[in-house]
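Right, one structure below, let's go through it.
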Amino acid sequence: MTRWLPFPRMAALLLVVWLLANQSVSPGHILLACALAVVGAWALVAVEFPRAAVRRLSAAVRLGCLVLADIVRSNIAVARIVLGLAPRPNAGFVRIKLDLRSPYALATLACIITSTPGTVWADFDPESRILVVHVLDLVDESDWIHTIGHRYQRPLLEIFG
């Protein structure tokens, strides 16, 4: 099957997402979704993904719980700012030196930072390993350096090595 259709699960996912996004199962949309799925699956062949292995599943579960709690906490803090219940925020950029080298660990960290309300992954220099994060309410820069360095980076190093 993978000789004719590489990444069959990805192709199936593309097909389903296309049909859900268009909210239609008409023959035209099904045909278009099939074409998109096949082209998308073959496009992935050109991308040579490095091998990834999760070394510690328990660390991934712990990190997931931490991230979920941080997202809830951050949602509440941003809502308070937007509703005017908190003092006016002091936005700013934080530069953080990272030890992560795995592209999967870096991508996971980017997702964590960007999905947490009030923070955005702004830049990363792969040579100097410096990450720049924009923070909506920057009170203490060292607190952010510690949070990202210890709370997120350490588990990611355990998970991806």
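All residue numbers in this chain count up from 1 along the given sequence.
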Measuring from atom [atom1] of [X] to atom [atom2] of [Y], what distance do you get when rounded to the nearest 0.5 angstrom?
X: Leu98; Y: Leu106; atom1: CG; atom2: CG; result: 6.5 Å
X: Leu19; Y: Ser26; atom1: CG; atom2: OG; result: 8.5 Å
X: Lys97; Y: Asp125; atom1: NZ; atom2: CG; result: 9.0 Å
X: Leu131; Y: Trp121; atom1: CG; atom2: CH2; result: 4.5 Å
X: Asp143; Y: Leu138; atom1: CG; atom2: CG; result: 9.5 Å

Remaining members of hydrophobic cluster (4.5 Å side-chain criterion), Val72: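 Same cluster as Val72: Ile76.
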Does any N or O in the side chain of [X] come within less than 3.5 Å of the main-chain N or O of [Y], such that one atom is a donor and the other an acceptor?
X: Thr116; Y: Ile71; answer: no
X: Ser102; Y: Ala105; answer: yes
X: Gln153; Y: Asp99; answer: yes
X: Ser115; Y: Ile112; answer: yes

Linked, directly or transitively: [X] and [Y] (ILVMFWY side chains, under 4.5 Å):
X: Tyr104; Y: Ile148; answer: yes
X: Val47; Y: Val38; answer: yes
X: Leu31; Y: Trp4; answer: no
X: Ile30; Y: Leu32; answer: yes
X: Leu156; Y: Leu66; answer: no

Side chain to side chain contact (heavy atoms under 4.5 Å, CB included) partner of Ile159, the single match among Leu57, Thr108, Val61, Leu63: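 Only match with Ile159 under side chain to side chain contact (heavy atoms under 4.5 Å, CB included): Leu63.
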Given Ile145, Leu109, Val132, Ile113, the one that forms side chain to side chain contact (heavy atoms under 4.5 Å, CB included) with Ile96: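 Only match with Ile96 under side chain to side chain contact (heavy atoms under 4.5 Å, CB included): Ile145.
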Nearest non-hydrogen partners of [X] and [Y], listed with the distance:
X: Asp137; Y: Pro89; answer: OD1-CA, 3.7 Å
X: His150; Y: Pro155; answer: O-CD, 3.6 Å
X: Pro6; Y: Ala41; answer: O-CB, 3.0 Å
X: Ala59; Y: Glu158; answer: CB-OE1, 3.6 Å
X: Leu5; Y: Ala11; answer: CD2-CB, 3.9 Å
X: His29; Y: Trp18; answer: ND1-NE1, 3.7 Å

Trace of the side-chain contact (heavy atoms from CB on, under 4.5 Å) decision for Ile81 with Arg88: CA-CA 7 Å; Ile81 290 169; Arg88 187 178 171 141; over 6 Å; no
Side-chain donor-acceptor contact under 3.5 Å, Ser24 with Asn22: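 Absent: no donor and acceptor within the cut-off.
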Check: Leu136 and Thr119 side chains under 4.5 Å, non-hydrogen atoms: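 They are not in contact (no side-chain heavy atoms under 4.5 Å apart), so the answer is no.
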Close side-chain approach of Val133 to Phe93, heavy-atom, < 4.5 Å: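 Sidechains of Phe93 and Val133: no contact.
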Glu141 and Arg95 ion-paired at < 4.0 Å: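 No, no charged N to carboxylate O under 4.0 Å.
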Ile130 vs Phe124, side-chain contact (heavy atoms from CB on, under 4.5 Å): CA-CA, chis, key distance, verdict: CA-CA 6 Å; Ile130 299 289; Phe124 177 69; over 6 Å; no
